[in-house]
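These notes concern the structure reproduced below.
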Amino acid sequence: MRKEYRTISEVVGPLMLVKNVEGVKYDELVEIEQADGGIRRGRVLEINGDKAMVQLFEGSQGLRISDSKARFLGHSIELAVAPDMLGRVFDGMGKPKDGGPALIAEKHLDINGTAMNPAARDYPSEFIQTGISAIDGLNTLVRGQKLPVFSGSGLPHANLAAQIARQAKVLGSDEKFAVVFAAVGITFEEADFFINDFRETGAIERTVTFINLANDPAIERISTPRMAITAAEYLAYDLGMHVLVIITDITNYAEALREVSAARKEVPGRRGYPGYMYTDLATMYERAGRIRGNKGSITMIPILSMPEDDVTHPIPDLTGYITEGQIILSRELYRKGLTPPINVLPSLSRLKDKGIGKGKTREDHADTMNQLFSAYSRGKDAKELAVILGDAALSDTDKLYAKFADEFETRYVSQGYYTNRSIEETLDLGWELLGILPKSELKRIKDVYIEKYYKEA
């Protein structure tokens, strides 16, 4: 039985100070029992001598410290895990939210996890098919990779997240694949969209969903992504599954981090965010990957909306340093009605070369990818030149490139949210578009592939 303390001396926002404590540890879980029997929960944020700073999950509104008592539980926040968590919806603290029964736990895991030994990491090298051409063909996702989506306010990253959750798979019939989806600080309407979409398409059967709503306590946002990653670690390393973790929206997580930091009166860093935000994000992102000798893997797609579409904002900036590339959504393409509005030129997957080629996707993948990038870039330049100088200033070849850029956007990039293209369909479509250009312009593709796949439009 843990000792109870009636020495709560101060409450400021979500923080509470308990005096005269003994044997209390950092990150330990705390229960605060009120006179009416109501219980609130929190965790230890800081210990200074015999004083413990406690962070409340449910907030401090209506809490009377004179007749409340604090009970320290001796362990940090834990998630109950079991194989039948697939198909279930939980809140940000891991409690069932779908009206179903409580989970019969196989074990309880600390949500902070344990760091992966760098020497035990296996190199990501297997292709994951998302069914989205702009990702599969040009910014390929590889099993064990961290590939964030940088979006902007009002852009359809929710639709893209749902599409990836629905369609993503590891090629190969014997592979067990699961999705862990964490929604952090989203509206009820968005939460409803995700759950209904997963149910209607049957994707919920292989998905574990954690939902933290915008009106839930900000403190809960800090634990929600870690709940999701802990569930993913169990599915991957205990059950040998390939797990795709999608977290939306990391910006809401960072805002919660800033709120708690301000309440603790910490010295703020860039734009008011705490100076340790890089380290904090890294403790989440770096839990993705593969372990040598283990069949399972964790691939992560964090989604964040960049404030004011600013890619140099601290959240996307720090995320870009930790992860292996980024998918960037474009407001310009969105205004043109292209869906999903993925801007392929500044997007990047640093591991794409490791997951493509013969035996993984197709022999011509690397060459066609380079040629499509090159042709699209030149086509955009030609279109900009035409805006300034008029079409008459373009050579016949430039006009073909301009036509290619338009066709590329409307047919390759824009495919809607319910079209699931196989990698063969994506590669064939790329060749179809390259047929707009004369054979002599395909300088980045080996002659053997041109002979085999090229068809003039």
Review point. Which is it for Asp317 and Arg271 under the salt bridge (Lys or Arg N to Asp or Glu O under 4.0 Å) test, yes or no, and what are the steps along the way?
Key: CA-CA 12 Å; Asp317 189 31; Arg271 304 230 189 159; over 6 Å; no
Check your understanding: Looking at CD of Glu106 and OH of Tyr234, how far apart are the two atoms once the value is rounded to the nearest 0.5 Å?
Key -> 3.5 Å
**Study point:** Side-chain donor or acceptor of Lys380 paired with backbone N/O of Leu345 under 3.5 Å
**Key:** no
Practice item. Check whether the ring centres of His313 and Tyr273 lie less than 6.0 Å apart, and answer yes or no. Key: yes
Point to revise | Side-chain donor or acceptor of Ser223 paired with backbone N/O of Glu220 under 3.5 Å | key: yes
Practice item. Assess the side chains of Thr201 and Tyr418: does a donor N or O sit below 3.5 Å from an acceptor N or O? Key: no
Check your understanding: Has the side chain of Glu324 got a donor or acceptor atom that lies under 3.5 Å from a matching backbone atom of Arg350?
Key -> no
Exercise for review: Could you walk me through whether Met277 and Ile315 pass side-chain contact (heavy atoms from CB on, under 4.5 Å), step by step?
Suggested key: CA-CA 9 Å; Met277 189 163 78; Ile315 305 167; 4.0 Å; yes
Review point. Would Tyr376 and Tyr412 count as a close aromatic pair, with their ring centres under 6.0 Å?
Key: no
Check your understanding: Which atoms form the tightest heavy-atom contact between Gln34 and Ser68, and what is the distance?
Key -> CG-OG, 3.8 Å
Point to revise | Glu286 with Lys146: basic N within carboxylate O range, under 4.0 Å | key: yes
Practice item. Verify the neighbour count for atom NZ of Lys295: are there more than 12 heavy atoms of other residues, nucleotides or ligands below 6.0 Å? Key: no
**Study point:** With sequence neighbours excluded, residues passing salt bridge (charged side-chain N to carboxylate O under 4.0 Å, His left out) with Glu10
**Key:** none
Revision key, fill the gap. From the list Glu126, Gln145, His242, side chain to side chain donor-acceptor pair (under 3.5 Å) with Arg290 holds only for Glu126
Review point. Are any of the side-chain heavy atoms of Met227 and Ile77 separated by less than 4.5 Å?
Key: yes
**Study point:** Reported CD1-to-CG distance for the pair Ile47 and Asp27, which is rounded to 0.5 angstrom
**Key:** 9.5 Å
Check your understanding: Just by modelled atom types, is the Ser305 backbone N or O under 3.5 Å from a matching donor or acceptor in the Thr251 side chain?
Key -> yes
Review point. Have Asn252 and Arg221 got a donor and an acceptor in their side chains that come within less than 3.5 Å?
Key: no
Review point. In terms of side-chain geometry, is the basic nitrogen of Glu332 or Arg335 positioned less than 4.0 Å from the acidic oxygen of its partner?
Key: no
**Study point:** Main-chain N/O of Ala158 paired to Glu190 side chain as donor or acceptor, under 3.5 Å
**Key:** no
Check your understanding: Heavy atoms, side chains only, cut-off 4.5 Å: are Ile342 and Ile132 in contact?
Key -> yes
Check your understanding: Do Leu45 and Val260 touch side chain to side chain, with heavy atoms closer than 4.5 Å?
Key -> yes
Review point. Going from CD1 on Ile164 to CD1 on Ile327, what distance comes out if it is rounded to the nearest 0.5 angstrom?
Key: 7.5 Å
Review point. Taking atom NZ of Lys360 as the centre, does the number of heavy atoms from other residues, nucleotides or ligands within less than 6.0 Å exceed 12?
Key: yes
**Study point:** Closest non-hydrogen atom pair, Tyr237 against Gly296
**Key:** CE2-O, 4.2 Å
**Study point:** Heavy-atom closest contact (Leu103 atom, Ala82 atom, distance)
**Key:** CD2-N, 4.0 Å
Review point. Does any pair with a residue in residues 79-97 pass side chain to side chain donor-acceptor pair (under 3.5 Å), and if so which ones, sequence neighbours excluded?
Key: Arg88-Asp98
Check your understanding: In this structure, are over 12 heavy atoms from other groups packed under 6.0 Å from Lys51 atom NZ?
Key -> no
Review point. Just by distance, do the side chain of Asp310 and the backbone of Pro307 share a donor-acceptor pair under 3.5 Å?
Key: no
Practice item. Would you confirm whether Gln326, through its side chain, and Pro346, through its main-chain N or O, come within 3.5 Å as a donor-acceptor pair? Key: yes
Review point. Near Glu259 CD, under 6.0 Å, is it more than 12 heavy atoms from other residues, nucleotides or ligands?
Key: no
**Study point:** Student check: side-chain heavy atoms of Ile195 and Ile211 closer than 4.5 Å
**Key:** yes
**Study point:** Of Ile250, Asn112, Val245, the residue whose pairing with Met284 passes side-chain contact (heavy atoms from CB on, under 4.5 Å)
**Key:** Ile250
Practice item. Check whether any side-chain heavy atom of Ile423 lies under 4.5 Å from a side-chain heavy atom of His365, and answer yes or no. Key: yes
Exercise for review: Kindly indicate whether the side chain of Lys25, heavy atoms from C-beta on, has any atom under 4.5 Å from the side chain of Val44.
Suggested key: no
**Study point:** Separation between CG of Leu244 and CE of Met300, rounded to the nearest 0.5 Å
**Key:** 10.0 Å
Study note, to complete from the structure: Heavy-atom nearest pair, Trp431 first then Tyr449, reads CH2-O, 3.7 Å
Study note, to complete from the structure: Which of Val12, Leu15, Val11 passes side-chain contact (heavy atoms from CB on, under 4.5 Å) with Ser60? Answer is Val11
Practice item. Can you see which heavy atom on Ile247 is nearest to which on Pro225, and at what distance? Key: CD1-CB, 4.1 Å
Check your understanding: Okay, side chain of Asp136, backbone of Gln129: is any donor-acceptor separation there less than 3.5 Å?
Key -> no
Practice item. Specify whether Phe181 and Phe194 have parallel, tilted or perpendicular ring planes, treating 30° as the upper limit for parallel and 60° as the lower limit for perpendicular. Key: tilted
Exercise for review: To the nearest 0.5 Å, tell me how far Leu427 CG sits from Leu372 CG.
Suggested key: 9.0 Å
Review point. So how far is it from Leu29 CG to Phe57 CZ, rounded to the nearest 0.5 Å?
Key: 5.5 Å
Exercise for review: Under the side-chain contact (heavy atoms from CB on, under 4.5 Å) rule, what do Asn215 and Phe188 come out as? Steps first, then yes or no, please.
Suggested key: CA-CA 9 Å; Asn215 63 340; Phe188 179 80; over 6 Å; no
Point to revise | Stepwise side-chain contact (heavy atoms from CB on, under 4.5 Å) test for Leu155 and Arg331 | key: CA-CA 7 Å; Leu155 292 181; Arg331 201 169 290 281; 4.1 Å; yes
Exercise for review: Please collect all salt bridge (Lys or Arg N to Asp or Glu O under 4.0 Å) contacts where either partner lies in residues 154-167, sequence neighbours excluded, each pair once.
Suggested key: Arg166-Asp197
Practice item. Scan side-chain atoms only and decide if Tyr253 and Arg226 contain a donor-acceptor pair under the 3.5 Å cut-off. Key: yes
Check your understanding: Do side-chain atoms of Glu205 reach the backbone of Gly87 as a donor and acceptor pair under 3.5 angstrom?
Key -> no
Review point. Heavy atoms, side chains only, cut-off 4.5 Å: are Ile39 and Arg71 in contact?
Key: yes
Review point. Should we count CZ of Arg444 as having more than 12 external heavy atoms under 6.0 Å?
Key: no
Exercise for review: Look only at the side chain of Thr323 and the backbone of Thr319, and say whether a donor-acceptor pair between them is shorter than 3.5 Å.
Suggested key: yes
Revision key, fill the gap. Of all heavy-atom pairs linking Ser151 and Leu329, the shortest is OG-CD1, 3.7 Å
**Study point:** Atom OH of Tyr276 with >12 non-hydrogen neighbours under 6.0 angstrom
**Key:** yes
Point to revise | Residue pair Arg421 / Thr426, side-chain donor-acceptor N/O under 3.5 Å | key: no
Check your understanding: Charged N to carboxylate O below 4.0 Å: is that the case for Glu424 and Arg362?
Key -> no
Point to revise | Within-4.5 Å side-chain heavy-atom neighbours: Asp249 and Leu304 | key: yes
